[in-house]
Novice: 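One structure, pasted below without further comment.
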Amino acid sequence: MATQLLEKATVLFAGDSGDGMQLTGSQFSLTTALHGNDLATFPDFPAEIRAPIGTVSGVSGFKVNFGSTRIFTSGGKVDTLVAMNVAALVKNLDQLKANGLIIVNEGGFDARNLKLANYTAGQNPLTDGTLSNFQVITIDVNKLVKELLKDSPLGNKDRDRTRNMFMLGFVYWLYNRNPESTLQFLARKFAKLPDVMAANIAVFKAGLHYADTTELFSNRYEIQPAQMPPGKYRNIMGNEGLALGLVAASKKAGLDLFYAGYPITPASDILHELSNHKNFGVRTFQAEDEIAAIGAAIGASFGGHIGATGTSGPGMALKTEAMGLAFMIELPLVIVNVQRGGPSTGLPTKTEQADLLQAMFGRNGEAPMPVLACATPSDCFEVAFEATRIAIEHMTPVILLSDGYIANGAEPWPYPQAADLPTVTPPFATAETPYQPYFRDEKHVRQWAIPGMKGMQHRVGGLEKQELTGNVSYDAENHERMVKTRAAKVAAIANSIPEQQFDSGSTADPIVVVSWGSTYGASKVALANLRKEGVPCAHIHLRYLNPFPKNLGALLAQFSKVIVPELNDGQLVVLLRRAFLTPTESLTKIQGKPFLAAEIEAFVKQQYATL
Amino acid sequence: MATQLLEKATVLFAGDSGDGMQLTGSQFSLTTALHGNDLATFPDFPAEIRAPIGTVSGVSGFKVNFGSTRIFTSGGKVDTLVAMNVAALVKNLDQLKANGLIIVNEGGFDARNLKLANYTAGQNPLTDGTLSNFQVITIDVNKLVKELLKDSPLGNKDRDRTRNMFMLGFVYWLYNRNPESTLQFLARKFAKLPDVMAANIAVFKAGLHYADTTELFSNRYEIQPAQMPPGKYRNIMGNEGLALGLVAASKKAGLDLFYAGYPITPASDILHELSNHKNFGVRTFQAEDEIAAIGAAIGASFGGHIGATGTSGPGMALKTEAMGLAFMIELPLVIVNVQRGGPSTGLPTKTEQADLLQAMFGRNGEAPMPVLACATPSDCFEVAFEATRIAIEHMTPVILLSDGYIANGAEPWPYPQAADLPTVTPPFATAETPYQPYFRDEKHVRQWAIPGMKGMQHRVGGLEKQELTGNVSYDAENHERMVKTRAAKVAAIANSIPEQQFDSGSTADPIVVVSWGSTYGASKVALANLRKEGVPCAHIHLRYLNPFPKNLGALLAQFSKVIVPELNDGQLVVLLRRAFLTPTESLTKIQGKPFLAAEIEAFVKQQYATL
Amino acid sequence: MTTDTVTAKDFATDQDVRWCPGCGDYSILKQVQSIMPELGLPKEDIAFISGIGCSSRFPYYMDTYGMHSIHGRATAIASGLKAARPELSVWIITGDGDGLSIGGNHLIHLLRRNVDVNILLFNNEIYGLTKGQYSPTSELGKFTKSSPLGVIDQPFNPLSLAMGADASFIARAIDRDPILLRDVLRAGNLHKGSSFIEIYQNCNVFNDGAFDPYSDKKRKAEETLILQEGKPLVFGLDNAMGIQLDGLTPRMVSLATCSADDLWIHDSKDHTKAWLLTRFFDDPKVAGHFPRPFGVFYQQERPTYEKAMQEQVKQAVEKFGEGDLDVLLAGRNNWEI
Amino acid sequence: MTTDTVTAKDFATDQDVRWCPGCGDYSILKQVQSIMPELGLPKEDIAFISGIGCSSRFPYYMDTYGMHSIHGRATAIASGLKAARPELSVWIITGDGDGLSIGGNHLIHLLRRNVDVNILLFNNEIYGLTKGQYSPTSELGKFTKSSPLGVIDQPFNPLSLAMGADASFIARAIDRDPILLRDVLRAGNLHKGSSFIEIYQNCNVFNDGAFDPYSDKKRKAEETLILQEGKPLVFGLDNAMGIQLDGLTPRMVSLATCSADDLWIHDSKDHTKAWLLTRFFDDPKVAGHFPRPFGVFYQQERPTYEKAMQEQVKQAVEKFGEGDLDVLLAGRNNWEI
Ligand SMILES: Cc1ncc(C[n+]2csc(CCOP(=O)(O)OP(=O)(O)O)c2C)c(N)n1
Ligand SMILES: Cc1ncc(C[n+]2csc(CCOP(=O)(O)OP(=O)(O)O)c2C)c(N)n1
Ligand code: SF4
Ligand code: SF4
Ligand SMILES: [Mg+2]
Ligand SMILES: [Mg+2]
């Protein structure tokens with residue numbers, strides 16, 4: 001049996017919502033990460049909990065892009081598609097590379113499934129030539145599993161649920177993965193259900209063996225460990241990284257984290273994750289709604305914890321009034337928006353970047369807040385840490401934008417050592433001088449006195465306040481000064497953040513691509529390809545959207561073309577025009593899914609042609 | 001007794017919150033309007049219901065600017081200041097013209113009042129030379145009223161409450177006003193309290209007579225009727241005009257108006273006003289909060305009424321999620337924001353224009369809505385009518401921005417005849433073709449089917465919907481098309497609104513001042529003065545902020561300098577840069593009060609000098 | 001459309017029903033559709049308004065006018081719709097999260113106002129759509145995705161809450177007893193005023209079996225107390241048990257030792273009794289617990305909000321005459337130039 | 001600071017008190033300041049959190065930590081503060097609009113969670129700060145700025161609502177009875193859990209005299225029923241009248257014809273009795289109406305939210321050890337390159 005060395009590959013597991021594709025994909029990812037590959041994943045599931053079985057709208061998919069080189073997106077076209085039923089095949093066929101491999105569960109192609117996927121009687125994609133440009137392997141997993149488990153004490157439903165393990169084992173063999181961590185996982189997960197454990201392990205191994213023994217393949221694939229910088233790695237999902245970033249920053253600030261949230265897709269996992277870390281002094285508060293959540297977080301911050309709250313678009317809308325309060329009382333607070341397709345309820349399980357202007361301007365009155373965005377699952381950790389640092393050290397609410405794509409995506413992460421993380425210093429009031437709640441330091445930051453600090457009792461609130469004393473003031477000039485000072489305080493954060501660097505290229509290039517948030521990966525890959533092809537373009541990725549890094553305007557001014565790819569109708573463009581009057585070329589995609597590198601490449605080339 | 005003819009004058013009535021200055025000012029305004037003068041008013045009162053008596057923060061003022069020429073602002077410096085007590089004098093002295101007239105109630109300058117206004121014992125502005133540059137008339141109104149009413153059956157408190165009438169009568173004499181309408185007003189207001197009526201009338205007349213007989217003046221003033229276009233006039237306050245605009249448009253559309261609100265300064269009066277017009281089929285719903293208010297209005301629109309809701313900044317923040325729903329389900333809805341000083345609770349009784357960007361961008365996802373702004377109290381009527389027309393004819397929520405300055409201000413209004421108002425045509429579905437809720441006409445407008453229409457049952461909602469059918473759709477391309485179509489629908493409104501005109505000047509001038517909302521008046525006066533002085537500048541006033549009139553970009557491109565005065569930190573500027581990359585000079589004032597024309601003049605001159 | 005030819009099927013739409021197989025929502029949908037013809041209204045005069053949640057997908061499956069609105073706000077939206085259009089039959093579909101968590105305030109305000117709508121609160125004691133966090137009706141100590149160490153928030157007693165908010169009609173039903181569910185729906189529909197109907201609904205994915213005591217064939221008789229107007233409160237196998245009132249204190253008694261005449265007779269007009277019934281809310285795992293009542297607890301006639309609003313419009317017309325726009329525009333004081 | 005030397009005055013700030021002269025808020029401020037020393041806590045361990053409204057200006061006048069937050073959200077903010085800092089004494093100041101209209105939902109959720117705070121709801125049956133619109137406690141038919149034809153919304157019964165939300169402590173007081181007000185404040189402070197205290201407060205500008213029946217010297221005795229633990233319910237001039245319970249039905253009786261021993265004895269632990277007392281809510285203009293009860297209606301010990309939260313943190317530490325950041329960052333599966 002020959003082993004073919006590949007540089008990278010993309011595998012897509014697709015099946016019905018009930019087929020366990022998310023678990024299958026996660027296991028494959030973990031094993032692949034442990035194998036030393038770099039990777040990126042992209043789960044894609046329906047908005048319904050259990051969309052109608054067998055229908056196209058009920059298909060759940062999990063895509064893994066992995067390689068021996070660095071991986072920056074969850075991949076474009078797919079090399080290997082696992083299709084558990086007709087609908088899964090139909091829905092994903094257009095993602096497959098020409099001559100790509102399809103592994104089909106024949107059991108999912110019976111008359112019922114064909115009908116549910118809208119095939120007329122007698123038609124079947126397995127036989128009608130649809131798949132003639134692909135390599136197809138057909139296995140009747142249903143039958144095999146039935147046979148294998150015929151003596152199992154499990155009921156039919158539970159038996160059928162193991163089918164995904166067959167496919168997982170099969171693909172492990174194909175890509176030469178080590179089954180060990182999955183075997184351990186199954187043992188742990190079903191520790192209390194020995195029959196279920198036995199069945200799953202048996203089926204998983206059956207998949208492995210079936211691939212090995214049936215001579216379906218003339219070769220298997222090997223993707224060698226990637227040349228990643230040496231260090232300790234783990235797999236991390238975006239929401240998980242974000243949660244850990246909050247915990248880490250709170251610890252480095254010597255504060256307890258108080259996270260208040262109301263469940264909403266795709267932000268709920270932050271709440272779930274943090275509720276498991278109470279031994280870090282983390283308190284999680286599931287509030288009655290998003291307003292109560294930010295309210296409770298403000299209360300906790302007033303009490304000297306670091307308050308944080310997370311949500312997605314519709315919940316963000318509800319928080320805006322309270323964000324204004326947090327802004328006025330100048331307390332640290334982290335507000336996370338894991339963006340999803342909008343507007344309104346929109347596309348709850350899909351990704352989008354259309355809440356940037358809401359983050360910037362979605363409040364009554366002049367209430368500028370720092371806004372940061374995460375680029376990748378592991379970047380979520382860093383940005384959450386940084387957002388928390390800014391909130392605490394600058395006594396301000398901070399908005400952190402993530403999105404559904406990175407929130408649910410995963411990648412290997414060279415996690416840091418606690419000791420190497422920077423210390424965060426809350427500007428606590430000291431007893432040296434009489435406490436004045438709105439006395440400010442040279443960064444315009446006020447001092448923080450929390451209940452329990454003797455002699456520093458004071459009142460804060462949403463009415464305009466007098467400089468220094470914080471007493472209510474309706475004085476005209478005082479109001480103007482306070483508005484300007486609060487703006488200056490946020491602007492001054494630019495002094496404490498790094499200057500903007502190039503991700504690739506330099507001012508010598510005529511074109512620059514400016515990305516933000518999750519469009520990082522696709523932009524990076526596109527730029528690498530373009531430069532290979534000789535298109536002279538640079539890449540700037542923005543972590544800080546407000547304030548911008550100090551040198552950004554000067555940098556952009558040096559390019560003939562500034563190209564801004566965004567998963568919205570052109571929102572960063574508004575901010576660049578506002579700040580620098582930069583003429584920009586906007587590349588937008590509003591389809592609930594991430595850019596393909598190829599889309600960015602094509603656009604840049606087209607723009608290059610007009611230079 | 002000589003009568004001096006004046007072109008215009010500004011009178012400011014100032015006293016304690018309990019002194020009835022708002023009523024005094026309104027009466028003076030009404031009489032002045034009936035006299036045929038043009039006028040503009042500006043009430044200015046504390047946020048507290050009854051701020052501590054006698055203190056500067058408790059002062060309530062009402063300013064009336066009136067003339068025989070057209071009046072566009074509530075005036076700059078004051079000619080005549082009526083001061084009921086020390087605090088009223090202290091607070092307003094800097095508004096007085098050099099050599100201006102002060103009419104002082106000496107009874108309000110006793111030791112207690114002096115102390116409350118922070119005078120140290122023995123000091124008194126009446127005697128310490130503070131007023132040497134002014135004409136001062138001192139009357140002990142307290143004593144006179146006490147004497148006058150010594151036989152009145154009224155209690156002390158009620159007697160004291162009539163003091164404002166003395167001043168009113170006094171000023172009527174001075175400015176030659178006809179007392180008749182005020183006498184009628186008092187008779188009507190206190191019809192059920194004959195003693196109170198008698199006392200008020202007696203004191204009012206006493207004021208008139210006192211001025212006439214005491215020879216305090218060598219002359220009185222006359223301000224002749226203004227040269228206003230002929231027609232029928234009435235006085236109108238901004239919120240009142242806005243309410244009438246909503247009623248009128250609903251009638252012209254053949255729909256009932258359903259107004260849902262939650263009280264908030266300075267928007268509450270719209271609710272109050274409309275609750276008096278139930279005989280027009282108007283329903284008012286005082287909701288439990290702003291979210292319920294917009295919710296109920298959406299429900300009413302779904303039911304085929306024209307739903308409207310009004311609020312101010314903090315309430316607007318709460319409505320943003322539901323605005324997204326209204327945008328998705330494409331129902332007519334008018335959302336009024338009477339802006340006040342922000343952020344957060346801010347300066348509730350002061351004016352500001354700082355919610356423009358919130359109106360534009362304060363929603364999750366891509367949800368552009370038409371935004372209009374009112375310029376003056378009477379313009380409130382027209383813009384409310386127009387906003388309602390757009391909402392109905394284009395099936396979209398529309399945001400209407402007013403502010404505290406015009407909401408509470410008043411001016412004479414050449415009110416229209418109902419028959420002359422345009423007809424509004426709701427795009428009701430017809431039975432000709434099978435109803436498809438998201439079928440659109442050439443303006444991208446969908447048809448409206450309301451409960452009770454047979455065979456047109458359909459479901460709407462906040463999830464993304466399929467073109468034509470309106471069924472839920474998670475399809476990628478459909479989503480992109482729908483986002484673009486909804487934006488195109490709003491953009492297409494530019495075809496149904498007038499092209500932008502100049503308020504004064506033309507493209508021949510090198511400078512243009514672009515105003516929006518309530519800065520209209522000050523800008524207009526400034527521009528008139530500037531042009532008189534030979535500064536070549538034009539004036540564009542924007543009623544439509546989204547979409548902009550079609551020709552706006554082309555117009556602006558023809559000027560060397562675009563100056564944008566705003567009562568915020570530069571928000572329209574963001575929109576102009578976004579739309580046209582227009583370099584702008586921003587003139588901002590964030591003091592909770594309107595521009596003075598002089599401030600705009602100075603800025604324009606300074607900019608002119610750098611040309 | 002003549003309404004007497006209409007059947008349940010006419011109320012189905014062409015949309016695929018997208019709940020999980022086995023979800024209790026199916027039964028509720030079926031019972032609602034099946035009583036629709038009894039309304040005696042054409043389909044176009046009926047509206048279903050929902051918030052967000054699994055349950056809130058309901059309107060897509062009803063061939064009436066409908067809105068799948070935003071989380072927690074169906075009550076507010078329906079209030080506006082009914083106030084504007086009193087002649088419509090308006091149904092609100094909500095969940096324990098949608099109606100009691102984010103939407104709690106609009107719900108209690110609607111109830112006190114007595115807007116004449118029917119509120120069906122699908123209580124599955126969990127957040128279904130967001131995949132399994134605890135809700136305001138989840139029991140103390142419950143392990144869920146967001147409470148890995150157990151819930152520490154005392155749950156609401158939804159019917160007590162509704163009574164606290166002066167609801168004029170409250171009832172409880174369960175997905176697995178279609179006959180009772182239909183009876184309750186009918187009664188709610190007939191009631192003029194806000195009808196608050198809590199429906200226990202099994203979420204077989206995230207909270208399977210939460211209401212088994214009340215539907216399980218073996219336990220049902222002991223655990224449920226079916227309320228029947230004018231009838232004594234009896235329960236248990238062969239109705240061998242009854243409830244007696246000893247002063248303010250309800251007691252369970254055996255009919256072997258006590259005559260049915262001495263039992264508490266159900267009177268849905270009695271406010272205090274209804275309150276006491278809402279307090280039959282024990283954990284069925286606790287010894288000596290009371291059975292859980294089902295049926296109509298309380299109904300009271302009082303003026304509805306939309307009628308009062310209509311009345312004011314009528315009065316205003318009587319008093320001031322049909323509004324004349326020209327009079328309004330001219331105001332009280334005007335002059336000519 | 002030794003707390004025993006502290007007096008009411010120490011709790012005043014240097015800010016001018018800005019309520020209208022004659023406003024009932026002054027008395028409430030005074031009584032609160034005067035019981036503060038009895039808390040036995042240094043000033044820095046006390047926090048007053050308010051929403052928006054006339055009443056909500058309160059924190060500016062208390063020399064403790066304080067927040068004048070946004071409309072309706074004090075309850076949410078205080079929940080977070082107390083959960084984070086259980087050792088603080090947290091007081092919520094709210095109005096009938098702030099607490100029951102826009103803030104109704106946070107209020108009922110706080111009550112069910114039993115966060116150990118004291119809620120003072122200043123009920124003046126009007127919106128004061130926005131100048132006189134009706135509130136959710138304004139009576140039917142009332143003419144206000146926003147109801148020129150009379151209110152059509154049935155008002156809340158705030159104490160019934162609180163009981164519906166499973167409040168663990170409810171009480172009523174009035175601005176003009178300082179002694180009773182102080183007693184109730186003390187009881188609320190001592191209660192471990194959410195103390196919901198409704199305080200009738202005269203708004204002499206927009207709703208003057210709303211509570212005159214309960215404060216007017218001449219009518220007070222007939223119109224108020226002062227609840228005293230373990231004592232019979234008596235009222236009227238010379239306590240000549242009493243309340244008896246006839247089954248579930250309360251009746252007013254004359255003590256001339258009935259012995260005090262047969263009267264209803266106040267027991268603030270009795271949930272059903274407390275409920276019945278909240279229903280003593282008649283319009284005093286209606287003949288045969290019951291007197292309005294004042295004092296502590298109900299108190300029940302049950303676990304507080306913040307204690308349970310603290311407990312979980314402790315348990316987590318016991319089970320998993322004090323969190324080690326390096327272990328957290330490394331996760332379960334990692335590898336070295
Ligand atoms: C403003 C807002 N917050 C949160 C959500 C997410 N969300 C959708 S449904 C839901 C709760 C669902 O629970 P429930 O109302 O009990 O309905 P079920 O799914 O159980 O039928 C939540 C939190 C949302 N859509 N909008
Ligand atoms: C979001 C929001 N909506 C509305 C308001 C306006 N507002 C301020 S206080 C208030 C109600 C006041 O009534 P209440 O709570 O009874 O307090 P009171 O003034 O009577 O003490 C309202 C509606 C606001 N500040 N914020
Ligand atoms: S998740 Fe639960 S409630 Fe939702 S559809 Fe599935 S079974 Fe029903
Ligand atoms: S308006 Fe009423 S509640 Fe407000 S301060 Fe004045 S008297 Fe008190
Ligand atoms: Mg639920
Ligand atoms: Mg009030």
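Just so you know, these numbers use all the heavy atoms, side chains as well, and skip hydrogens, waters and symmetry mates.
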Novice: Considering only residues two or more places apart or on different chains, which pairs with a residue in residues 60-81 of chain C satisfy salt bridge (charged side-chain N to carboxylate O under 4.0 Å, His left out)?
Specialist: R459(B)-D63(C), K43(C)-D63(C)
Novice: Which region of L149(C), side chain (C-beta onward) or backbone (N, CA, C, O), has a non-hydrogen atom less than 4.5 Å from a non-hydrogen atom of chain A, or is it both or neither?
Specialist: side chain
Novice: Under 4.5 Å heavy-atom distance to chain A, tell me which part of T144(C) shows up: side chain, backbone, both or neither.
Specialist: neither
Novice: Please list, chain by chain and in numerical order, all residues satisfying side chain to side chain contact (heavy atoms under 4.5 Å, CB included) with A287(A), sequence neighbours excluded.
Specialist: F285(A), A292(A), A293(A)
Novice: Quick check for you: to the nearest 0.5 Å, what is the distance between I264(A) atom CD1 and I102(C) atom CD1?
Specialist: 8.0 Å
Novice: Not counting sequence neighbours, list each pair that qualifies as a salt bridge (charged side-chain N to carboxylate O under 4.0 Å, His left out) and has a residue in residues 90-107 of chain C.
Specialist: none
Novice: Measure distances from P314(A) to the heavy atoms of chain C and classify the residue's part below 4.5 Å as side chain, backbone, both or neither.
Specialist: neither
Novice: Do you see a donor-acceptor pair shorter than 3.5 Å between the side chains of T55(A) and R18(C)?
Specialist: no
Novice: Under a 4.5 Å cutoff for heavy-atom pairs, which residue among V151(C), D153(C), I70(C), L129(C) has the most contacts with chain A?
Specialist: L129(C)
Novice: Please answer whether the main-chain N or O of E288(A) pairs with a side-chain N or O of S101(C) as donor and acceptor at a distance below 3.5 Å.
Specialist: yes
Novice: Given that the side chain runs from C-beta out, which part of I291(A) has a heavy atom under 4.5 Å from chain C: side chain, backbone, both or neither?
Specialist: neither
Novice: Please report the closest heavy-atom contact between G97(C) and Y262(A), naming both atoms and the distance.
Specialist: O-OH, 3.9 Å
Novice: Taking atom CD of E290(A) and atom NE2 of H71(C), what is their separation to the nearest 0.5 Å?
Specialist: 7.0 Å
Novice: Apply side-chain hydrogen bond (donor to acceptor under 3.5 Å, both in side chains) to Q286(A) and S146(C), showing your working.
Specialist: CA-CA 8 Å; Q286(A) 181 175 314; S146(C) 53; 2.5 Å; yes
Novice: Of all the residues in residues 334-349 of chain A, which have a heavy atom that comes within less than 4.5 Å of a heavy atom in chain C?
Specialist: S344(A), T345(A)
Novice: Can you tell me how far CD of Q133(C) sits from OG of S268(A), rounded to the nearest 0.5 angstrom?
Specialist: 4.5 Å
Novice: Starting at CG of N276(A), measure out to NZ of K145(C) and round the result to the nearest 0.5 Å.
Specialist: 12.0 Å
Novice: Decide if atom NZ of K30(C) counts as having more than 12 heavy atoms of other residues, nucleotides or ligands within a radius under 6.0 Å.
Specialist: no
Novice: Name the member of G261(A), S57(A), G315(A), G58(A) that forms the most heavy-atom pairs with chain C at distances under 4.5 Å.
Specialist: S57(A)
Novice: Between Y134(C) and chain A, which part of the residue has a heavy atom less than 4.5 Å away: side chain, backbone, both or neither?
Specialist: both
